[in-house]
Amino acid sequence: MIESLKQHEIPGRLAIVEGKSGMPAIRIETDWSTAEIYQHGAHVTSFQTKGGAPVLFMSGESLFQSGKAIRGGVPLVYPWFGGREGSPAHGFARLTAWDLLETRAMPGGAVRVRFRLPSDGASEVVYQVTVAAALTLELMVRNLGAEDFRFESCLHTYFNVGSADAIGLHGLAGDRCVDLVAAREFVQGPEPVRITSETDRIYQDSTGEVGIRDPSLGRTIHVRKSGSRSTVVWNPWIDKSIRMADFGDEEYRRMICVESGNVGENAVVLPPGGEAVLRVEIETSPLDG
Ligand code: TA6
């Protein structure tokens with residue numbers, strides 16, 4: 001498997017290596033950053049600027065097995081979000097080995113990788129990862145069928161934070177929130193969202209940039225997006241963490257999921273031949289004073 005991928009290596013920029021459980025992994029180095037992507041799920045498992053703390057959280061208990069999702073980094077949720085009777089939660093994209101289409105060293109120093117989801121005939125799904133000072137993720141879906149095609153998608157990103165109970169999430173004010181833990185809906189007020197217990201929220205018609213302000217690590221993580229009308233915020237907190245076999249009991253303290261996608265009432269309906277692009281750009285900056 002790995003030998004067939006070696007043709008995509010770019011000396012000094014991109015190497016194909018044997019990752020955990022022998023799964024093929026892509027290791028990328030640019031002048032500003034490093035990143036790692038598994039072919040399994042086209043799953044970005046690491047992004048870090050040189051001299052900075054990891055931007056993405058990875059569970060130390062994550063499985064690296066076919067048929068199982070990697071716990072952490074950027075799981076790709078497609079073509080449905082959440083549970084579905086008799087099918088894997090969050091769809092099959094994150095459980096599938098994607099075809100590696102292309103690797104490219106861009107003028108200016110970025111490195112770009114393109115994957116394609118082995119096609120089911122109904123849709124063509126291409127995922128493009130660009131690594132530079134920022135991490136840019138683009139999920140492109142095209143309807144190949146003769147009927148409308150409805151799907152949900154989400155970049156279910158796990159971010160590394162110094163202490164979850166000290167961060168503030170900015171940029172959700174005014175968005176309508178479906179709080180799955182409290183079983184209630186409300187409009188988010190002007191104050192930053194704090195994480196002090198299990199949090200599982202879907203913000204609908206939520207299109208703005210989210211800033212994860214992290215005083216412990218002295219930085220803000222900026223999550224900028226386009227082609228996304230839903231923002232999901234999740235932290236399992238202690239009880240759910242204990243129940244999750246592939247997640248450490250205390251790991252909830254160092255992570256927050258801020259997910260960008262189109263879920264629930266924001267699901268996408270593509271006409272025949274139609275295309276949708278979900279784009280997320282992730283970048284860090286020092287805390288403003
Ligand atoms: O992030 C929202 C969510 O749907 C939560 O309800 C929780 O289930 C989480 O995804 C993780 O799901 P997973 O299937 O990866 O364990």
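Residues: numbered from 1 along the sequence shown. First listed ligand is number 1; within each ligand, the first listed atom is number 1. These figures come from a predicted structure and were not determined experimentally.
Between His156 and Tyr158, a ring centre-to-centre spacing shorter than 6.0 Å is recorded. Between Phe81 and His90, the ring center distance clears the sub-6.0 Å criterion.
Atoms of ligand 1 lying under 4.0 Å from at least one heavy atom of Asp200, given by number and element, are 2 (C), 5 (C), 6 (O).
Residue contacts with ligand 1 for Arg94 involve side-chain atoms from C-beta outward but no N, CA, C or O (heavy atoms, distance under 4.0 Å). Within the 4.0 Å heavy-atom criterion, the part of His156 lying near ligand 1 is the side chain and not the backbone.
Shortest contact from atom 8 (O) of ligand 1 to any protein heavy atom: Lys240 NZ, 4.0 Å. Looking only at protein heavy atoms, the nearest one to atom 12 (O) of ligand 1 is His90 NE2, 3.5 Å.
Assignment of Arg71 to the shell around ligand 1 is supported, since a heavy atom sits closer than 4.0 Å.
The pair Arg112-Glu102 does not meet the salt-bridge criterion, since no charged nitrogen lies less than 4.0 angstrom from a carboxylate oxygen. We find that Asp249 and Arg243 are not joined by a salt bridge, their nearest charged nitrogen and carboxylate oxygen being 4.0 Å or further apart.
Among the atoms of Tyr158, none of the N or O lies under 3.5 angstrom from an N or O of ligand 1. At least one N/O-N/O distance between Glu259 and ligand 1 falls below 3.5 Å.
For the pairing with Glu209, the side-chain contact (heavy atoms from CB on, under 4.5 Å) check across Lys225, His170, His222, Glu281 returns one residue only, His222.
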Exercise. Can you list the steps and then say if Arg229 with Glu265 is a salt bridge (charged side-chain N to carboxylate O under 4.0 Å, His left out)?
Worked result: CA-CA 9 Å; Arg229 300 191 59 76; Glu265 59 192 74; over 6 Å; no

